[in-house]
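Here's the structure, in structure tokens; my notes come after.
In what follows, every chain begins at residue 1, and chains take the letters A, B, ... in the order their sequences are listed.
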2 protein chains.
Amino acid sequence: MISSVSEPIRPVPEPLASFIAGELMGAIEQGHYKPGTRLVEAEIAQRFGVSRAPVREALRMLMKDDLVMRRPRRGTVVTELSAAEVSEMYEVRSALYAAVVRLFVRRASDGEVAGYAVWRQRINDLAADATVTPARFVDATQAASIYVVERCGNARLQAGFRKMTRQSYRYYAEMAHGTVAHRRELACLATAMLEAMQARDAEAASMLAWRISESNHAAALVAIAAQEKPG
Amino acid sequence: MISSVSEPIRPVPEPLASFIAGELMGAIEQGHYKPGTRLVEAEIAQRFGVSRAPVREALRMLMKDDLVMRRPRRGTVVTELSAAEVSEMYEVRSALYAAVVRLFVRRASDGEVAGYAVWRQRINDLAADATVTPARFVDATQAASIYVVERCGNARLQAGFRKMTRQSYRYYAEMAHGTVAHRRELACLATAMLEAMQARDAEAASMLAWRISESNHAAALVAIAAQEKPG
DNA sequence: ATTTAGACGACTGTCGACAATTTGGCGCTC
DNA sequence: GAGCGCCAAATTGTCGACAGTCGTCTAAAT
């Protein structure tokens, strides 16, 4: 089991705001609150049985992750991104992932590189099986990228990547990895990247990471377009 | 029309929190508050003649930019970065700049690419003149990078890059660009990048952008080390 | 002299109330 | 019937107060 390093071991009672922020975050990410939904402080406060102060703090926390947006005196709404904006986010995510892989190749131990082979194998297996659901395939690719990101040795890079990933997932959901062609391409790229990692070729691996991201980017845009058109 | 916000305390035009956040931000960036300084809500509130509520909001805003850090029930302090952490930030900044240049090459007009030549020329001139102060040289390289960043067509990338740049500047200040060798290297790399841009070679330009960032990164680490050692 | 329990001060977390502002509906005028 | 300004509800911004926690200082015990 991989114990989450960022988990605070705190014997202190958690401030109400953190709890509420967590609840709201989950609700937003699971689509309980849809983009554009207005979050009224008093309403949330009443629902949780607290005053508005901790709710305001919670909303500020969500704002830090760009999960909600706030306009002065006009309230807080769940962030709503256009297709162009989602595309922007993928570009940032791609840049960060490329950097992550570059650092990983430079710093990871041989054992850690070998660890990635396990994830690549899993991706390969799932890509070959047409009965696999998009959600399961997404989980596998996610796990693979997280494995690398956690070992790149740069906490800020890691945080930025996770933030972008978390946000983008609200939009293309699991639909994006449905096509066989896309899965095959990802499996192929992952294999090539693994080889570059083993050869300690940071440039090549980084470039392949970029191409993996671009592939996901393209798939996401297709999924979003399909999602908006038919209704 | 939005009237001048720099008026001491205006209750109407903008929420108090925004005004206070701006004041604090300026104070931090200009070194009035040094890293590690504790920001006590009540004290700030009294100084501005307001209650603690808007001060809390202001501190949250600063937290979004990572200018201050907050630990539950332990208050807010001006962000204090170790050399390792500054190094992390430069890695992120480098990744973003590489992506910026890649997009710029893809999307910018020929005229915009030509515009960069002006900045490169200025960097070249300043690098050749030993009497130029580090501050002036920094301003020139800054302006050049901002020129590109503003035209990359990705607002999130731009925001992220600026955030990293703003923060890192509090640390290495202007000291980093003092050596002639470093200036010469930057001028050389900028020239090469310009040529790659003109040839519309996104990969090459992006790679050179990375190397420019790495050069700045290295210079910054030297400056920081020099700053901490002698005291 | 060092360590540890208790108390004190300082500060943050939370609360309820009031003030200010935006939004939407209503009636009025043209 | 359409456009415009006014009124009222809804919601955020700000305030002062109280409660709870953290760090420290003191004092007693070993």
May I have the distance from [X] (atom [atom1]) to [N] (atom [atom2]), rounded to whole angstrom?
X      : N       : atom1 : atom2 : answer
I20(A) : dC15(C) : CD1   : C1'   : 13 Å
M63(B) : dT12(C) : CE    : C1'   : 14 Å
R73(B) : dT21(D) : CZ    : C1'   : 6 Å

Side-chain N,O (R74(B)) to OP1/OP2 (dG13(C)) below 4.0 Å: no
Salt-bridge contact R156(A)-D66(B) (side-chain N to carboxylate O under 4.0 Å): no
Contact check, side chains of L16(A) and F48(A), non-hydrogen atoms, under 4.5 Å: no
Test ring-ring contact (aromatic ring centres under 6.0 Å, His included) applied to F161(A) - qualifying residues, sequence neighbours left out: Y97(A)
Touch class at under 4.0 angstrom, heavy-atom based, for R38(B) against every strand present: sugar-phosphate
Touch class at under 4.0 angstrom, heavy-atom based, for R71(B) against every strand present: nothing
Taking every non-hydrogen atom, the tightest pair across S168(A) and R93(A): OG-CD, 4.5 Å
Test applied, salt bridge (charged side-chain N to carboxylate O under 4.0 Å, His left out); reference residue, R52(A); option that passes from E41(A), E57(A), E43(A): E41(A)
Expected output: side-chain S206(A) to main-chain V101(A) donor-acceptor under 3.5 Å: no
Residues in contact with DNA chain D, drawn from residues 40-59 of chain A - heavy-atom cutoff 4.0 Å: V40(A), E41(A), R52(A), R56(A)
